Amino acid sequence: MDHFDNNCQQIAKLLLLISSTYISFRTKDTAMIKHDLETIRHSTAHLMAQALIELYPNEKIQLGIGPVIENGFYYDIDTELQIGDEQLPLIEKKMKELIKKKIPIERHEINRQDAIKLFKKLEQPLKVELIEDFPDEEVITYYTQGNFIDLCRGPHVNHTGELSPYFKLLNTAGAYWRGQQDKKMLQRIYAVCFDSKESLKEHLNFLEQAKKRDHRKLGKELHLFHFDPVAPASPFFLPKGAHLYNALIDFMREVYKRYNYQEVITPQVLDAELWHTSGHYEHYHENMYFTKIDEREFAFKPMNCPCHMLMFSNFKYSYRDLPLRYADFGRLHRYERSGVVSGLTRVRTFCQDDAHIFIQPEKIQAEIEQLIEMFFICYKHFDFQDIKVALSTRPEKKVGSDEIWDNAEKALEKALQSSGVDFHINEGDGAFYGPKIDIQVADALKRYHQLGTIQLDFQLPERFDLKYTNQEGQSVRPVVIHRALLGSLERFIGVYIEHVGGAFPFWLAPVQAKIIPVKNELHLEHAAKITQQFSKLGFRIQLDERNETMGLKTRETQKAKIPYMIVIGDQEIEKQTLSLRAYGEQKTSDYSIEETIEIFQKLNQQKLPQGLRDFS
RNA sequence: GCUCACGUGGCUCAGUGGUAGAGCACUUCCUUGGUAAGGAAGAGGUCACGGGUUCAAUCCCCGUCGUGAGCUCCA
């Protein structure tokens, strides 16, 4: 211990020397300008730990790790004390007090053995565990601020007065120690931290906006879907939600026509034997629903692939038939563990815009190029402008020869390059059965969501012994490409609701326009005629014939985010016009009925992206 | 699955150890209205479910189910 004390003093002296020669530049508002945000966040994590210990001196608080994350930091701690949302303001207050005290933060170096002794003495077993994993000769650094000591690599600010008061403790949650399921669950406190009042405000505002757009909230408000405990994590689509669902399928069908896909329909419940053949029984058993009937074990399909493999193996195909593209909107069931399900984004029953492409190995690149084109056209159509592409290559555990993988990875990479898209490579992140391309899109709040995926598969063709006859008359194995563009319709609907904030474009909106007569007894008859005229043209139009005020009807139409509101009164009847007000706008415009039809028809044409309308 | 929180009329949410309240929605009546809430009356709840403690539980305790924030998982 004396060796350690000695060491400590020397470092303290040295630090004093350094800090006294350090000229700090301060502006009036920002005390922390000389440090980068990451350092500030990191030091603020320590500050939070110090605040906790000072706030609850009689509690045993064992510190885990407190790293910097996007927008802030967290700290994992182990304590009997239950830290809930009520405690967060108290901790914040304590932290701000400590900032005002300008407590010096000092760096110390120490050898591993002494570090273990020190943190044992401090009764910080989690820290001891961390140090014990360091190599023997490693020089350990720790920091002191007042009576608080924390193991840390640094760097940190010089004293707590340099820290930003623009932080907020957000919430608490459980987290496994060292991220391992078999280890103890610690309490984690999440916080955001910025270097200016404006940035913090902006971020909190962002969180509020995100909350407003939450698809679960909008889904209820706009009568799109609901959930019921009788079917956990399984959405019930109400008429308006079902419209979106079907409209997306219609959309994909139009896309498929232009890219030579053929739609198939396959069974829902299939003999367990099939899932043994496919390998799902061994590897995916935990996530499958089973049922027994006539002493035979069946499973609900969690994926369509095995069905398509059967379909392929039922015929003898020539290379001339390839690529063969089977699309399937079959309903899938996956038993997701209770803690992982959420809204529409992770559910237990869903539908993918799924397709499997059976292809000659040498044709992979061309097919991928076409897929990339199709994906980009479609994502942009839904106004996802920011698209991230990742190529995931072979993992350690894999099937198939290195030669196959080399060719496949090269084909994917070449296809991405020739398509001119930016992409990054996730080394070793591919599925064991083949490399894949994952596509993420940013929504209106710049949050990224994974939608589509393109996966090569060398495994299933093997397991199902798929063959086609090549030009030389030999029987050879095709490669299978799994691909989904929207991903699951449920998830896509969830993401898209948040992207557009529930205000769908005209072509997709469940109700495209609402007709409001000014005075029912004078105008209802005419309004009903107009409604019928538009309905007969296929527009989704609703007549509001309730005896309510215009104010109320206007308010409800706006709240329902219906693209157009059409008011009909004396003036309109006399001039044979319609008063149109677009969603989100204050002003109204008068159009003749014919002009309105033209406007609506034009808007409906946006159903298909330009790139596909002109497709030859 | 794990940790924590939550579950009160269709929706959003108050509330209390002595079996419940508001606003919106709903029904009826009045109002005949020109672009974000006209007025009145009425109906509607085993306070998620099952146990326990108590003279008495919607409230306290335990369990189950569901939901949320995370963690872990994601062929």
Side-chain angles (χ1 to χ4, degrees), chain A residues 64 69 74 76 78 82-87 170-190 211 214 216-217 220-221 223 226-234 275 278-288 302-303 305-306 332 334-343 346 395 397 399 430-434 436 450 453 455 457 459-460 463 482 514 516-524 544 546-560 564-572 579-590:
Chain A
I69 51 172
Y74 66 76
D76 283 349
D78 188 15
Q82 193 52 58
I83 300 166
D85 292 347
E86 318 80 61
Q87 276 77 42
L170 286 185
N171 58 326
T172 56
Y176 294 112
W177 170 232
R178 312 194 94 174
Q180 288 164 22
Q181 219 174 332
D182 52 339
K183 298 245 157 111
K184 191 169 181 187
M185 179 137 311
L186 309 180
Q187 297 189 59
R188 175 173 295 179
I189 303 175
Y190 280 98
K211 221 172 174 180
D214 189 318
R216 292 165 297 192
K217 180 173 134 77
K220 215 181 266 184
E221 283 172 9
H223 300 257
H226 71 86
F227 288 90
D228 191 285
V230 296
S234 308
W275 305 104
S278 71
H280 288 97
Y281 201 100
E282 289 96 298
H283 296 103
Y284 203 62
H285 184 268
E286 300 277 289
N287 285 295
M288 289 170 68
M303 295 164 199
C305 355
L332 308 177
R334 297 184 187 175
Y335 177 76
E336 299 287 359
R337 294 188 305 160
S338 64
V340 307
V341 297
S342 170
R346 189 119 171 229
K397 202 184 111 192
V399 299
F432 75 89
Y433 49 76
K436 60 176 181 173
Q450 158 131 29
T453 181
Q455 309 184 350
D457 192 337
Q459 162 92 340
L460 280 180
R463 281 181 171 265
H482 306 253
K514 190 149 206 167
I516 298 175
V518 174
K519 198 184 285 188
N520 264 359
E521 52 180 42
L522 296 180
H523 313 128
L524 185 58
D544 192 340
R546 294 173 307 162
N547 260 334
E548 297 291 350
T549 57
M550 288 261 330
L552 184 87
K553 290 181 183 178
T554 302
R555 178 180 153 83
E556 287 186 356
T557 309
Q558 294 299 317
K559 279 184 77 177
Y564 281 99
M565 186 172 107
I566 299 173
V567 172
I568 294 173
D570 285 338
Q571 295 161 31
E572 286 73 24
S579 166
L580 260 65
R581 175 173 164 180
Y583 169 71
E585 285 182 25
Q586 299 294 325
K587 69 173 198 325
T588 61
S589 316
D590 289 342

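None of these values were measured; they are calculated from a predicted model.
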Next on the checklist: What does the 5'-to-3' dot-bracket notation of RNA chain B look like when only Watson-Crick and G-U wobble pairs under 3.5 Å count, and pairs to other strands show as |?
Outcome noted: (((((((..((((....[..)))).(((((.......))))).....(((((..]....))))))))))))....
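For A:Tyr281, the ring-ring contact (aromatic ring centres under 6.0 Å, His included) partners are A:His276, A:His285, A:Phe290, not counting sequence neighbours. With sequence neighbours excluded, no residue forms a ring-ring contact (aromatic ring centres under 6.0 Å, His included) with A:Tyr176. When the ring-ring contact (aromatic ring centres under 6.0 Å, His included) test is applied to A:His523, no partner is found at least two apart in sequence or on another chain. Considering only residues two or more places apart in sequence or on other chains, A:Ala175 meets the side-chain contact (heavy atoms from CB on, under 4.5 Å) condition with A:Asp76, A:Arg188. Looking at residues two or more places apart in sequence or on another chain, you find a side-chain contact (heavy atoms from CB on, under 4.5 Å) between A:Arg216 and A:Asp214, A:Ser342. Residues meeting the side-chain contact (heavy atoms from CB on, under 4.5 Å) test with A:Gln459, sequence neighbours left out: A:Val399, A:Phe432, A:Tyr433, A:Asp457, A:Arg463. Considering only residues two or more places apart in sequence or on other chains, A:His223 meets the ring-ring contact (aromatic ring centres under 6.0 Å, His included) condition with none of them.
Rounding to whole angstrom units, CG of residue A:Asp544 and P of B:U35 are separated by 16 Å. Whole-Å rounding puts the A:Asp182 CG to B:C2 P distance at 15 Å. In this entry the distance linking CD1 of A:Ile83 with P of B:A5 reads 12 Å, nearest Å. Atom OH in A:Tyr335 sits roughly 16 Å away from atom P in B:C74 (whole-Å rounding). Atom C1' of nucleotide B:U31 and atom CE of A:Met550 are separated by 16 Å, given to the nearest angstrom. In this structure, A:Tyr74 atom OH and B:C4 atom C1' are separated by 17 Å, rounded to whole Å. The CG atom of A:Asp76 sits 13 Å away from the C1' atom of B:U72 (whole-angstrom rounding). Rounded to a whole Å, the CD1 atom of A:Ile568 is 16 Å from the P atom of B:U35.
Between B:U46 and B:G52, the distance separating the two P atoms is 22 Å to the nearest Å. For B:U12 and B:C6, the C1' atoms lie 15 Å apart once the distance is rounded to whole Å. Remark: the separation of the C1' atoms in B:U67 and B:A41 is 37 Å, to the nearest Å. B:A20 and B:U3 have their P atoms separated by 36 Å, with the value rounded to a whole Å. Here the separation of B:G7 from B:U16, taken at their P atoms, is 13 Å to the nearest Å. With both ends at atom P, the span from B:C61 to B:G17 equals 13 Å, rounded to whole Å. Across the P atoms, B:C13 and B:A37 are found 23 Å apart, a figure rounded to whole Å. For the P atom pair drawn from B:A14 and B:C60, the interatomic distance equals 15 Å after rounding to whole Å.
Residue pairs meeting the side chain to side chain donor-acceptor pair (under 3.5 Å) criterion with at least one member in residues 547-556 of chain A, sequence neighbours excluded, are A:Asn520-A:Asn547, A:Arg546-A:Glu556.
Across all non-hydrogen atoms, the minimal contact from A:Trp275 to A:Pro306 is CZ3-CG, 3.3 Å. Residue A:Ile83 comes nearest to A:Gln187 through the heavy atom pair N-OE1, 3.1 Å, listed as atom of the first residue, atom of the second, then distance. Contact detail for A:Leu524 and A:Pro517: the closest heavy-atom pair is CD1-CG, 3.8 Å.
For A:Lys519, taking side-chain heavy atoms from C-beta onward, the closest of the listed nucleotides B:C4, B:A36, B:G33 is B:G33. Comparing atom distances between the A:Gln181 side chain and each of B:G34, B:U72, B:A25 picks out B:U72 as nearest.
A donor-acceptor pair under 3.5 Å links the side-chain atoms of A:Gln87 to the main chain of A:Gly84, judged by distance alone.
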Item to check | Chi angles and distances behind the side chain to side chain contact (heavy atoms under 4.5 Å, CB included) call for A:Met565, A:Ile516 | outcome: CA-CA 7 Å; A:Met565 186 172 107; A:Ile516 298 175; 3.8 Å; yes
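For the pair A:Arg546 and A:Gly84, both in contact range of RNA chain B, the more 5′-proximal nearest nucleotide belongs to A:Gly84. Each of A:Lys436 and A:Asp228 has a nearest nucleotide on RNA chain B; the 5'-most of these lies closest to A:Asp228.
Heavy atoms of A:Thr557 sit nowhere under 4.0 angstrom from any nucleic acid atom. As judged by a 4.0 angstrom heavy-atom cut-off over every strand, A:Ala233 is placed among residues touching the sugar-phosphate backbone only. Residue-level contact check: A:Asp570 touches the bases, meaning some heavy atom is under 4.0 Å from a base atom. Within 4.0 Å of A:Glu572, counting heavy atoms only, lies at least one base atom of the nucleic acid.
Put simply, A:Thr588 has no side-chain N or O that comes within less than 4.0 Å of OP1 or OP2 on B:U35.
Using a 4.0 Å cut-off between charged side-chain N and carboxylate O, A:Glu221 and A:Lys217 make a salt bridge.
A distance of 11.5 Å separates OG1 of A:Thr557 from OH of A:Tyr583, quoted to the nearest 0.5 Å.
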Next on the checklist: Return a single string for nucleotides 37-46 of chain B, one symbol per nucleotide in 5' to 3' order, where B is base contact, S is sugar-phosphate-only contact and - is none, cutoff 4.0 angstrom on heavy atoms.
Outcome noted: BB--------
Between the protein and nucleotides 11-16 of chain B, list every N/O to N/O distance that falls short of 3.5 Å.
residue	atom	partner	partner atom	Å
B:U12	OP1	A:Lys220	NZ	3.0

Identify each atom pair where a protein N or O and an N or O of nucleotides 68-71 of chain B are less than 3.5 Å apart, giving names and distance.
residue	atom	partner	partner atom	Å
B:G68	OP1	A:Arg216	NH1	3.4
B:G68	OP1	A:Gly343	N	3.3
B:G68	O3'	A:Arg216	NH1	3.3
B:A69	OP1	A:Arg216	NH1	3.4
B:A69	OP1	A:Arg216	NH2	3.0
B:A69	O2'	A:Asn171	ND2	2.4
B:G70	O3'	A:Tyr190	OH	3.1
B:G70	O2'	A:Tyr190	OH	3.3
B:G70	N3	A:Gly174	O	3.4
B:C71	O4'	A:Gly174	O	3.3
B:C71	O2'	A:Tyr176	N	3.0
B:C71	N4	A:Gly339	O	3.4

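Of the listed residues (A:Met303, A:Met288, A:Arg346), just one forms a side chain to side chain contact (heavy atoms under 4.5 Å, CB included) with A:Arg334, and that residue is A:Met303.
Within 3.5 Å, no donor on the side chain of A:Glu286 pairs with an acceptor on the base of B:G1, nor the reverse.
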